[in-house]
Amino acid sequence: MNKIFIIIKREYLTRVRNKTFLLSTFLLPIVMLLFIFGSAYLGAKSLKQYSVAVKDESGLYKNKMDSSASAAFAYPDDISLGNYKSKGYDGLLVIYSHNKAVPDSARLYSEKDLGLGTDGAVKKQLQKVNEEKLLLEKGVSRGIIDSIRKESANEELLNFRSYKVKGTELKEGNKKLSSIIGFISGIIIYITLFIYGASVMRGVMEEKMNRIAEVMVSSVKPFQLMLGKIIGIAAVGLTQLLLWITLIMILSSVLPLILPADTLQNVQQANQSMPGAMQQGRDMTTLIQGSTGIDISSVNWFAIISMFLFYFLGGYLFYAALFAAVGSVINEDPQEAQSLMLPITMPIIFGFIMLSSTIENPSGPLAFWGSIIPFTSPIVMMARVAGGVPESVPYWQLALSMLLLIGGFLFTTWLSAKIYRTGILMYGKKASWKEMLKWAFRKA
Amino acid sequence: MSTILEVQNLKKYFASQKAVDDISFTLEQGSIFGLLGPNGAGKTTLIRMITGIFYPDAGNILLNGKKFDPVNDVIEIGYMPEERGLYKKMKVGEQAMYLAQLKGLSKQDAFTKVKEWFEKFEMGSWWNKKVEDLSKGMGQKLQFVTTVLHEPKLVILDEPFSGLDPVNSNLIKDEIYALAQKGTSIIFSTHRMEQVEEICDHIILVNKGRKILDGTVKEIKQQFKENIFNVALNEDHAQYEHPSFHIVHRDGNEMVVKIHEGYTSNDVLKHFMNQGKQIAAFNEILPSLNEIFIHLVEGTPTARQFETITA
């Protein structure tokens, strides 16, 4: 046991003292935040108000379309496809009509693409005017229309909330927040599995290629060497995660103070007026700002963070052993690594693919199986537990998933140890998966 | 002298090869033992069993008269494998400390010992250098130090001189003698015969997983001598024909003769003395280990063939 500790200590210290560790630990959160804010900000900047000339053959729309952030409407006389540009307009909206007062179709012409925002604004205004016209025809007075419009614009009209019900207990659901948390945790686990798994593999390859493996195994058992490396790198991973969490917390409380208020306003506005796009960026900024609409205190942070740490460690241990086994059979050629790694990386990528459908339907069969099977459970289960236990995930499912993950990593460690033991002392020959399995299942 | 290591009927079969097939030998305390054999003879497998890296399929290993325990006995053994290396990014001092601690030395002991050996090999200034900055010879020296640092009773060196210049070879050779003098037993595995002849007290020769020769260098040479003598006369023009010998090679008055069965060296001497010739030199030419090695190994295929083993 003492020897494992000495190995863990070396693996940990050599990595943590490395400059790249410091660099990646401190730069990554900064880069991430800059990316989120930067892309939202740039999105806001590039959102331009285009001037659109309206040529209305029906006469119904004149002066009735409201300008918005992305489109300003004007109704000049004598406008045509030939001259709208020289008159200084970005686009021309023609509403065709054979018969006065009955519009047939509307076409928006422009030299360059005016973007989804402008298209949407035009559509919305056309609809609005149309609707008004129909209502007026049915005898609804303009005053009533205006007052209905005003009232329905108020989002809080019905004070909409969603609740999860269990027995008589009501719990306010916050789907938006929980799906953001689930998504982010899933992505972080996905990325860290790759980063630290590859780190284990490279460490094993280094030992083999530098020919230090045999020196080492004359002092310690191969299993101790492998486990020491895996645990040492796990400790590095935890250190890095904790530093990231701390850093992000500090940055997110400091950033709004540094950035000028109107930048944030811009970002917010941009997000609201952009249909569909930037969904993630928007959610992240709202989350980071802790702004209205999302009540962060409604989330059981303790449970989520402990789940996260469990699934991070469990998933890491499950895959790290496999990465170690692959590292042990690779010889000089890094190309070999590619093909041998494929069976390990595929399930991780599958887990990532399942992530988004899990967010949409956390109780579906895909989400269920994905969160039970240890190959994908670290990623998929994180997306589910964010919704709350036992509301999203019943206790038995969580327990089963955790047990299988623990059993899974014990199994992969056992399996890999047997491959590793033979692999690190084999030189000059690449082992196939078939041979590796033979090593794994033969008797000592 | 007491026996430190006793290997009894050791066997290790791999899927396609009998790597070690029933090998036994004993090693006396303080002796330098040569483990010889062509490539692929099973030397490394044998050593890996003695160092506890592999478990034997059959047979016993006794260390100090007790059954060898791979976990607790590592402190007694220092092993420098042929495929050896160090962590390139680690500092020299830390590397030595790390390996010493893994052998079971306390941090304090490790530090004292490393300091001591670094002093001895004039490596004091290397402490904070990275291993990757060392030359190959320097790395080899460091490797040797880490092998013997924890004062093992049994040191196993696999091709310890490969890649070393004569000066550093001698340095390490002297250290090997010094260790043996202090009672450390050394197993020295190689296929460089001239080194074996120079260093080893006792050798075994292994081929195709089996032991084919066992004894002291002297005994073995006697065993394989071919009654070849070097004779030098003071003058030429002698009568060289005699039933007791024939001439293998002659250069004027110096010749190499092979004495026929049933005759002794005295018969040859008499032959020349009876002619009134004065004999300037007369000595037996013993075969070199190299010749014995080639003689024994030749005729067997140089590369081991793979075979199917049903153990």
Side-chain angles (χ1 to χ4, degrees), chain A residues 1-21 202-225 228-229 232 331-332 418 420-429 431 434-435 438-439 441-444, chain B residues 14-16 44-45 47-57 70-91 94-107 110 130-132 139 142-144 146-147 149-150 152 154-156 158 311:
Chain A
M1 257 328 178
N2 186 27
K3 286 184 180 175
I4 289 196
F5 181 72
I6 297 171
I7 296 170
I8 293 172
K9 203 172 116 194
R10 190 200 86 89
E11 296 291 340
Y12 181 77
L13 287 179
T14 47
R15 283 183 172 76
V16 170
R17 275 194 255 151
N18 200 322
K19 283 187 204 83
T20 45
F21 173 82
R202 255 181 290 119
V204 173
M205 280 169 69
E206 182 206 358
E207 266 162 10
K208 186 176 178 183
M209 285 181 197
N210 286 351
R211 301 287 194 259
I212 191 160
E214 193 160 353
V215 177
M216 295 296 292
V217 294
S218 69
S219 305
V220 299
K221 287 180 154 290
F223 182 68
Q224 292 176 315
L225 186 57
K229 184 175 292 294
N331 284 298
E332 318 296 328
K418 302 189 99 182
Y420 178 87
R421 199 181 55 196
T422 313
I424 45 163
L425 297 177
M426 286 253 300
Y427 299 115
K429 182 166 162 281
K434 200 177 139 201
E435 273 175 300
K438 214 155 74 189
W439 298 344
F441 289 109
R442 70 162 183 231
K443 58 180 169 44
Chain B
F14 292 133
S16 57
T44 304
T45 309
I47 291 173
R48 282 179 179 173
M49 285 190 280
I50 298 170
T51 49
I53 296 171
F54 286 168
Y55 293 109
D57 291 340
V71 176
N72 295 313
D73 283 345
V74 290
I75 185 89
E76 309 277 13
I77 295 178
Y79 173 38
M80 181 159 115
E82 185 180 6
E83 299 281 7
R84 52 187 164 245
L86 297 159
Y87 290 106
K88 286 195 177 133
K89 300 277 172 201
M90 242 178 147
K91 287 178 181 164
E94 285 174 1
Q95 174 91 65
M97 290 277 291
Y98 179 56
L99 291 172
Q101 282 175 280
L102 283 181
K103 280 288 180 189
L105 256 53
S106 73
K107 198 170 179 180
K130 281 197 173 167
V131 171
E132 62 188 349
L142 175 59
Q143 203 104 42
F144 181 78
T146 59
T147 308
L149 186 78
H150 57 289
L154 175 62
V155 172
I156 301 173
D158 200 345

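Order of the sequence lines fixes the chain letters, A, B, ..., with proteins taken first and strands second; residue numbering starts at 1 for each chain. Below, all heavy atoms of this structure are taken into account, side chains as well, without hydrogens, waters or symmetry copies.
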A.B. asks: With a 4.5 angstrom heavy-atom cut-off, could you sort out which part of M209(A) is near chain B: side chain, backbone, both or neither?
C.D. replies: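 No part of M209(A) comes within 4.5 Å of chain B.
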
A.B. asks: Between F54(B) and chain A, with a heavy-atom cut-off of 4.5 Å, which part of the residue counts as in contact: side chain, backbone, both or neither?
C.D. replies: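 Just the side chain, heavy atoms under 4.5 Å.
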
A.B. asks: Salt bridge between K229(A) and E207(A), side-chain N to carboxylate O under 4.0 Å?
C.D. replies: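 Result for this pair is yes, salt bridge flagged.
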
A.B. asks: Select one option (side chain, backbone, both, neither) describing which atoms of K107(B) are under 4.5 Å from chain A's heavy atoms.
C.D. replies: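 The side chain, not the backbone.
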
A.B. asks: Cut-off 3.5 Å, side chains only: do E214(A) and Y79(B) have a donor facing an acceptor?
C.D. replies: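 Per modelled atom types, E214(A) and Y79(B) side chains form a pair under 3.5 Å.
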
A.B. asks: Go through the atoms of M90(B) and report whether side chain, backbone, both or neither lie under 4.5 Å from a heavy atom of chain A.
C.D. replies: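 The answer is the side chain of M90(B).
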
A.B. asks: If the threshold is 4.0 Å, N to carboxylate O, is there a salt bridge linking R17(A) and E94(B)?
C.D. replies: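 Counted as a salt bridge, because a side-chain N and a carboxylate O are separated by less than 4.0 Å.
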
A.B. asks: Between chain A and each of V74(B), V71(B), T44(B), count heavy-atom pairs under 4.5 Å; write down the option with the most.
C.D. replies: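 The candidate making the most pairs under 4.5 Å is V74(B).
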
A.B. asks: Contact part of E132(B) toward chain A, heavy-atom cut-off under 4.5 Å: side chain, backbone, both or neither?
C.D. replies: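 Interface part for E132(B): neither.
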
A.B. asks: Among V215(A), N18(A), V220(A), which has the most heavy-atom pairs under 4.5 Å with chain B?
C.D. replies: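 Most pairs with chain B among the choices: V215(A).
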
A.B. asks: Please determine, among R10(A), K221(A), K9(A), the option with the most heavy-atom pairs under 4.5 Å with chain B.
C.D. replies: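 The candidate making the most pairs under 4.5 Å is R10(A).
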
A.B. asks: Do I50(B) and L154(B) come close enough that some side-chain heavy atom pair is under 4.5 Å?
C.D. replies: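 Yes, their side chains come closer than 4.5 Å.
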
A.B. asks: Less than 4.0 angstrom from a charged side-chain N to a carboxylate O is my criterion; do E11(A) and R15(A) meet it?
C.D. replies: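 A salt bridge is present here (some side-chain N lies under 4.0 Å from a carboxylate O).
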
A.B. asks: Please check this pair: side chain of K3(A) against backbone of L102(B), looking for a donor-acceptor N/O pair closer than 3.5 Å.
C.D. replies: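 Yes: the side chain of K3(A) pairs with the backbone of L102(B).
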
